Amino acid sequence: MPELPEVETTARSLRPVLVGRRVTAVDGVDWPRMLPNTTEADLQASLVGEHVISVGRRGKYLLVEFDGETWAAFHRKMSGNLLLERATLPRERHTHLVLTLDDGNELRFVDARKFGRVYLFRSNVELNDFLSERLGPDSLNELDPAILASKLRGRKGRIKSLLLDQAFLAGVGNLYADEALWQARVHPLRTADSLTKAEVHRLAEAIKLVLVLGIERRGTSFSTYRDSDGTPGDNQDHLNVYGREGQPCARCGSTIRRIQLGQRSSHFCPRCQRAPKSPLPVGEVARQRG
Ligand SMILES: [Zn+2]
């Protein structure tokens, strides 16, 4: 699933080729449910003739701004890809939306699993209202140890689940959460309020580090993620825990383990990331020992 580094990589590669281009046509919608707040006709009326002003990202949303404060927001969910291809090339299967540009290229939204979504906004206020309802601070641009500490204060949930909650912190998904927790030596099942100040500091730094490295490596590609020119990233060759169950920890040599937390797998080193203490109250533990 594309997370922040994959979306950022796509935004960076699209920016120089999209900004300044004019949309000449919108078509290809074969799955109306991918447009929760708009329609193909609406997109045609709003975008055809308009220029691309900027290409950005917030959390896992890729944002394309057009003339007159009009925005398209793309969320790729499980398997969506945004490809920039020559209009003369045949469209591949599972292409669900195409923006034709005045330079002979097409921006194509391709998604085999159809969970991806495209939104249209007609003002900066509308866009910001939508995003601020759904997203906490951006984990690349807005996170630091003080912000993470204040977000965690009073929270009792498990740290891994909180990291996956986009309204808590935007951009991190399962893979980068596991990598950041390993980097910070924090067990995924720890509760938020059990983290020491030093651990919170390490975790904020670790989140930033794994995201920055992921972007430098142009994202992680297991099966479906591709950059806008169709090339996969290579971060998958540098992972420390995700998908490495049964292999040795790069730091201590212990065997990486995988546990199920909710619907998702968590990967961790049982030695570097100490399991939370017994959930029993202190008195209970003492009695058992005694
Ligand atoms: Zn280890």
Side-chain angles (χ1 to χ4, degrees), residues 1-6 78 139-140 143-145 148-149 151-152 155-165 168-169 171-225 232-282 284-286 288-289:
M1 175 194 274
E3 300 180 31
L4 188 153
E6 291 73 43
M78 301 298 286
S139 41
L140 182 68
L143 181 69
D144 66 24
L148 185 60
K151 296 279 297 175
L152 287 173
R155 300 294 295 249
K156 304 210 179 298
R158 298 197 191 284
I159 188 65
K160 170 77 185 280
S161 307
L162 277 177
L163 293 182
L164 297 182
D165 177 356
F168 177 80
L169 185 65
V172 173
N174 205 34
L175 184 152
Y176 291 96
D178 280 2
E179 292 296 315
L181 288 166
W182 177 85
Q183 194 71 44
R185 306 194 302 279
V186 173
H187 193 283
L189 296 185
R190 294 275 301 278
T191 54
D193 60 357
S194 76
L195 266 61
T196 65
K197 203 175 167 194
E199 286 172 329
V200 172
H201 198 280
R202 285 208 303 267
L203 183 56
E205 300 287 330
I207 292 168
K208 209 91 161 194
L209 178 70
V210 299
L211 295 176
V212 167
L213 289 175
I215 293 166
E216 278 177 15
R217 293 164 185 149
R218 298 175 58 82
T220 306
S221 302
F222 279 114
S223 52
T224 55
Y225 162 72
D234 65 4
N235 196 49
Q236 61 279 7
D237 302 333
H238 301 273
L239 298 176
N240 286 302
V241 281
Y242 189 87
R244 296 195 65 246
E245 183 187 8
Q247 297 178 48
C249 169
R251 196 160 41 207
C252 76
S254 298
T255 304
I256 299 297
R257 289 189 52 203
R258 180 168 69 96
I259 47 167
Q260 205 70 20
L261 174 57
Q263 309 271 43
R264 319 295 287 282
S265 292
S266 284
H267 307 76
F268 65 98
C269 169
R271 189 157 164 205
C272 297
Q273 297 164 269
R274 285 309 175 86
K277 295 192 180 76
S278 164
L280 292 173
V282 176
E284 288 290 318
V285 176
Q288 284 183 351
R289 279 183 188 142

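Since we're looking at a predicted model, the values are computed, not measured.
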Which pairs of donor and acceptor atoms, one on a side chain in residues 155-162, lie under 3.5 Å apart (sequence neighbours left out)?
residue: Arg158; atom: NH1; partner: Leu189; partner atom: O; Å: 2.9
residue: Lys160; atom: NZ; partner: Asn174; partner atom: OD1; Å: 2.7
residue: Lys160; atom: NZ; partner: Asp178; partner atom: OD1; Å: 2.6
residue: Lys160; atom: NZ; partner: Ser265; partner atom: O; Å: 3.3
residue: Lys160; atom: NZ; partner: Ser266; partner atom: OG; Å: 2.7

Please tabulate, one pair per line, all N/O donor-acceptor pairs under 3.5 Å involving side-chain atoms of residues 201-216, not counting sequence neighbours.
residue: Arg202; atom: NE; partner: Ala184; partner atom: O; Å: 2.8
residue: Arg202; atom: NH2; partner: Ala184; partner atom: O; Å: 3.1
residue: Lys208; atom: NZ; partner: Leu140; partner atom: O; Å: 3.0
residue: Lys208; atom: NZ; partner: Leu143; partner atom: O; Å: 2.7

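From Leu169, atom CG reaches atom NZ of Lys151 across 7.5 Å, with rounding to the nearest 0.5 Å. We find the OH-CG distance between Tyr176 and Leu181 to be 14.5 Å, quoted to the nearest 0.5 Å. Within the model, atoms SG of Cys269 and CZ of Arg257 stand 10.5 Å from one another, a figure rounded to the nearest 0.5 Å. To the nearest 0.5 Å, the span separating CG on Leu164 from CZ on Arg264 amounts to 5.5 Å.
Every residue two or more places apart in sequence or in another chain was checked for a side chain to side chain donor-acceptor pair (under 3.5 Å) with Ser139, and none qualifies. The side chain to side chain donor-acceptor pair (under 3.5 Å) check on Ser254 picks up nothing, with sequence neighbours excluded. Residues meeting the side chain to side chain donor-acceptor pair (under 3.5 Å) test with Ser194, sequence neighbours left out: Arg190.
When the shell of 6.0 Å around CZ of Arg251 is examined, it contains more than 12 heavy atoms from other residues, nucleotides or ligands. Atom CD of Gln260 has more than 12 neighbouring heavy atoms from other residues, nucleotides or ligands inside a 6.0 Å radius.
The closest side-chain heavy-atom distance from Leu148 to Asp144 is not below 4.5 Å.
A distance-only check finds a donor-acceptor pair linking the side chain of Glu3 to the backbone of Leu175 [under 3.5 Å]. Side-chain atoms of Glu6 never come within 3.5 Å of backbone atoms of Gly219 as a donor-acceptor pair (strictly under, hydrogens ignored). Panel note: side chain Glu199, backbone Thr196; a donor-acceptor pair is recorded below 3.5 Å. Between the side chain of Gln273 and the backbone N or O of Pro270, no donor-acceptor pair lies under 3.5 Å.
The ring pair (Phe, Tyr, Trp, His ring centres under 6.0 Å) contacts involving residues 244-269 comprise His187-Phe268, Tyr242-His267, where partners must be two or more places apart or lie in separate chains.
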side-chain contact (heavy atoms from CB on, under 4.5 Å) for Glu179 and Leu239? Distances and angles first, verdict last. CA-CA 7 Å; Glu179 292 296 315; Leu239 298 176; 3.6 Å; yes
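Residues Leu152 and Ala192 approach most closely at CD2-CB, 3.7 Å, considering heavy atoms.
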